[in-house]
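Throughout, protein chains are lettered first and strands after them, A, B, ... in sequence-line order, and every chain is numbered starting at 1. What you see is a predicted model, and the numbers here were worked out from it, not measured in a lab.
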Amino acid sequence: MRLFDTLSRQTRELRPLDGRTFRFYCCGPTVYGPAHIGNFRTFVLQDVLRRALEIGGMETLHVRNITDVDDKTIRDSRAAGVPLAEFTAGWTARFHADCARLGLLAPHVEPGAVAHIPHQIEMVQALLDRGHAYRSDDGSVYFRLASFPGYGRLSRLDQRELELGRTQATRANADEYAKDSLSDFVLWKARRAEDGEAAWDSPWGPGRPGWHLECSAMTRAYLGPDFDLHSGGVDLVFPHHENEIAQSVCACGGSFAAHWFHVAHLMVDGGKMAKSLGNLYTLDDLSARGWSPMETRHVLLGGHYRKPLNFTFDSLRAAREALGRLAEGEAALRRAAGIETSGAPAHGSLCGVPVGGGFEAAWQALEDDLNTPAALGEMFKALKRAGTASGADAAAAWRGLHAMLAALGLVLPDRAAAVEPVAPPAVRALAERRQQARAARDWAAADTLRDELAALGWTVRDAKDGYELIPR
RNA sequence: GGCGGAGUAGCCAAGUGGCCCAAGGCGACGGUUUGCAAAACCGUUAUUCGCGGGUUCGAAUCCCGCCUCCGCCUCCA
């Protein structure tokens, strides 16, 4: 697997530092509301990265945090009149439900910030001890940027630019007088009245961790000072990831993440997504409009992760059709190969086995900087080529297709499950009457009955012997 | 203002020096099939890659200028 690295600006081969397990960290959600499809673009791509590594035969250790204490969670839990822990637990459950619907593999470790306050305090103390941090009068602790010359390498900002941007930002927000330098950032925030109960004891008085510190402490706890990869949305490059590097390197030594993976933003109708524009969709919003999470996942895989992707309802329609074609191709291969079961091959049987059966190019596209759109394109080409295969060839193609589906995390719609059994008796009776009319060559009556079925939401699909009823 | 990313057919999108008169999906159109449809299958659908220059034997791909969109510039995936 070759992947672009934000820090070195190069596409590099991914190899586990310890030679065995690829250990990576993903910045997870802040649980103060439902995640939107833009958030999920990042999580889906992190999931595909892990799946592709595993299909490629690599062992992984996937850590993704839950940010359950910060300004927004505190603000909104207080507004709701609910204790912080209860408030974030609700949104965490919702996040997990959404992830499951999208077919995201659960991380091996999913640490929460609140559960790791001692780790964070320990890290702040280490930074103080080593002279990289200082206390302010109100009991907050700040990172001293001047003590870390490597700052700004990831986001390519030099000190002068930082100070410049800083001055502009501070004009509107004159709340930062406690710092020595304008660009210093907070490690530990002293408790303020508006924090309510959300405060923990520390050597510097009651307070709570700064957002950046949470991730640093959790990576240290589960991955140590050096690990394989760190990832998130592009907007986290600065300041979040830049600050994480500074904190972790200064507190623990080591070089922190060996590789940085950032996913570009999702746009809607060619513009940015924003609540105020009414185009910020959650999975539930799309479900309410009749679109399934898998269709959404297909849309999110439809563009390369380093380019902005334009989300439209037309692309959801296209995704629905494309998934249907894949499902039909899968069924055709299964029949041609004489495979009895309707399920996919066991996941374990696909890992570490070269992808074949005509799907080699699709796999190569994925291995080449996680090019999901090119991989999907190659899958359709392979499917077309395999159209006339039979026996062992069809079986190999079937396995190749399933290896790709497993790597992309796509679950195909089961069209067979959606037919007759679920049609209500009244609908089936209409369909039967139509069959009789057809047998009697009474086309006018048959067409009227077909219209009636359509009005009830059912499409009738005639076959050689009989018919199928398709909902919607 | 600084830094970074993007602009490819009706839509989504791959391709970053010759394999490109540009993949794939959707849509549209034509055909096979069908009582007619639907579904399926087959075929067609950009001599051209935001605009204008330039480099090169050769450019969507490199350089210069311009236009448009998006992101970041202290807590937004």
When you measure from the side chain of Arg450(A), which nucleotide among A77(B), C70(B), G35(B) comes out closest? G35(B)
Could you measure between the two C1' atoms, the one in C70(B) and the one in U55(B), and give it in whole Å? 30 Å
Is Arg64(A) touching bases, backbone alone, or none of the nucleic acid, heavy atoms closer than 4.0 Å? nothing
Dot-bracket for RNA chain B, 5' to 3', Watson-Crick and G-U pairs with both distances under 3.5 Å, [ ] for crossing pairs, | for partner on another strand, reads ((((((((.[[[..)..(.....]]]((((((.......))))))....[[[[[..)....]]]]])))))))....
Pick base, sugar-phosphate or nothing for Val237(A), based on heavy-atom distances below 4.0 Å to the nucleic acid. nothing
Among residues at least two apart in sequence or on other chains, which ones pass side chain to side chain contact (heavy atoms under 4.5 Å, CB included) with Ala407(A)? Ile55(A), Trp363(A), Leu366(A)
Rounding to the closest angstrom, what is the interatomic distance between A23(B) and G18(B) at atom P? 16 Å
Check this for me, if you would: do Asp70(A) and Arg75(A) make a salt bridge, where the nitrogen-to-carboxylate-oxygen distance has to be below 4.0 angstrom? no
Check the distance between A77(B)'s P and Asp47(A)'s CG and give it to me in whole angstrom. 18 Å
Partners of Asp368(A) by salt bridge (charged side-chain N to carboxylate O under 4.0 Å, His left out), sequence neighbours excluded? none
Take the protein atom CD of Gln435(A) and the nucleotide atom C1' of U34(B), then report the distance between them rounded to whole Å. 13 Å
Earlier contact from the 5' end, RNA chain B, for Pro239(A) and Leu376(A): Leu376(A)
Should Trp204(A) and Val124(A) count as side-chain neighbours, where that means a heavy-atom distance under 4.5 Å? yes
For His132(A), all residues meeting ring pair (Phe, Tyr, Trp, His ring centres under 6.0 Å), sequence neighbours excluded: none
Could you run down the sub-3.5 Å N/O contacts of the protein with nucleotides 25-30 of chain B?
residue: C26(B); atom: OP1; partner: Arg325(A); partner atom: NH1; Å: 3.4

Out of C70(B), C72(B), C12(B), which nucleotide sits closest to the side chain of Ser315(A)? C12(B)
Sorted by chain and residue number, the ring pair (Phe, Tyr, Trp, His ring centres under 6.0 Å) partners of His240(A) (sequence neighbours excluded) come out as Trp211(A), His212(A)
For nucleotides 13-18 of chain B, which of its nitrogen or oxygen atoms have a protein nitrogen or oxygen under 3.5 Å away, and what is each distance?
residue: A13(B); atom: OP1; partner: Asn310(A); partner atom: N; Å: 2.9
residue: A14(B); atom: OP1; partner: His304(A); partner atom: N; Å: 2.7
residue: A14(B); atom: OP2; partner: Lys307(A); partner atom: NZ; Å: 3.4
residue: A14(B); atom: O3'; partner: Asn371(A); partner atom: ND2; Å: 3.0
residue: G15(B); atom: OP1; partner: Asn371(A); partner atom: ND2; Å: 2.7

G71(B), C72(B), A77(B): which one has an atom nearest the side-chain heavy atoms of Leu266(A)? A77(B)
Within residues 36-49 of chain A or reaching into it, pairs that qualify as salt bridge (Lys or Arg N to Asp or Glu O under 4.0 Å) - sequence neighbours excluded: Asp47(A)-Arg51(A), Asp47(A)-Arg297(A)
Could you check whether any side-chain N or O of His259(A) sits under 3.5 Å from a backbone N or O of Leu3(A), counting only pairs where one atom can act as donor and the other as acceptor? yes
Report all side-chain donor-acceptor pairs from residues 30-38 of chain A shorter than 3.5 Å, counting only partners two or more places apart or in another chain.
residue: His36(A); atom: ND1; partner: Gly38(A); partner atom: N; Å: 3.0
residue: His36(A); atom: ND1; partner: Asn39(A); partner atom: N; Å: 3.2
residue: His36(A); atom: ND1; partner: Asn39(A); partner atom: OD1; Å: 3.4
residue: His36(A); atom: NE2; partner: Asn39(A); partner atom: OD1; Å: 3.1

Whole angstrom value for the distance that separates P of C3(B) from CZ of Arg156(A): 12 Å
Using a heavy-atom cut-off of 4.0 Å across all strands, would you classify Arg434(A) as base, sugar-phosphate, or nothing? base
Please tell me whether Ser248(A) and Ser216(A) have a donor and an acceptor in their side chains that are separated by less than 3.5 angstrom. yes
Could you tell me how far C66(B) sits from A28(B) if I compare only their P atoms? Round to whole Å. 42 Å
Of Met273(A) and His212(A), the one whose nearest nucleotide on RNA chain B sits closer to the 5' end is His212(A)
Going by number, which of residues 437-447 of chain A have a non-hydrogen atom under 4.0 Å from RNA chain B? Arg438(A), Trp443(A), Asp447(A)
What integer distance in Å separates Leu154(A):CG from C72(B):C1'? 12 Å
Parallel, tilted or perpendicular: which describes the rings of Trp91(A) and Phe87(A), with under 30° parallel and over 60° perpendicular? perpendicular
Rounded to whole angstroms, how far apart are CG on Asp235(A) and P on G5(B)? 16 Å
Nearest-Å distance for atom pair NE2/C1', residues His240(A) and C73(B): 17 Å
When the P atoms of U47(B) and C41(B) are compared, how many Å lie between them, rounded to an integer? 28 Å
Remember a base hit wins even if backbone is also touched, and classify Gly28(A) as base, sugar-phosphate or nothing at under 4.0 Å, heavy atoms. nothing
Ignoring hydrogens and geometry beyond distance, is a side-chain donor-acceptor pair present between Glu244(A) and Tyr25(A) at under 3.5 Å? no
Span that lies between the P atom of C57(B) and that of C29(B), in whole angstrom: 48 Å
Between G25(B) and A77(B), how far apart are the C1' atoms? Round to whole Å, please. 26 Å
So His265(A), base contact, sugar-phosphate only, or nothing? Heavy-atom distance under 4.0 Å. base
Provide the distance between the two C1' atoms, one in C20(B) and one in G58(B), to the nearest whole Å. 13 Å
Test salt bridge (Lys or Arg N to Asp or Glu O under 4.0 Å), reference Arg434(A), set Asp442(A), Asp451(A), Asp462(A), output is Asp462(A)
What residues form a side chain to side chain contact (heavy atoms under 4.5 Å, CB included) with Glu330(A), not counting sequence neighbours? Arg334(A), Trp398(A), Leu401(A), His402(A), Leu412(A)
Please confirm whether any donor atom in the side chain of Asp462(A) sits under 3.5 Å from an acceptor in the base of A39(B), or the reverse. no
Rounded distance in Å - CD (Glu295(A)) to P (C12(B)): 19 Å
Starting from P on G5(B), measure out to CZ on Arg41(A) and report it in whole angstrom. 16 Å
Aromatic ring centroids of Phe143(A) and Tyr151(A) under 6.0 Å? no
Using the C1' atom as the reference point in each nucleotide, state the distance between G17(B) and C73(B) in Å, no decimals. 35 Å
Ring pair (Phe, Tyr, Trp, His ring centres under 6.0 Å) filter on Phe359(A), not counting sequence neighbours, yields none
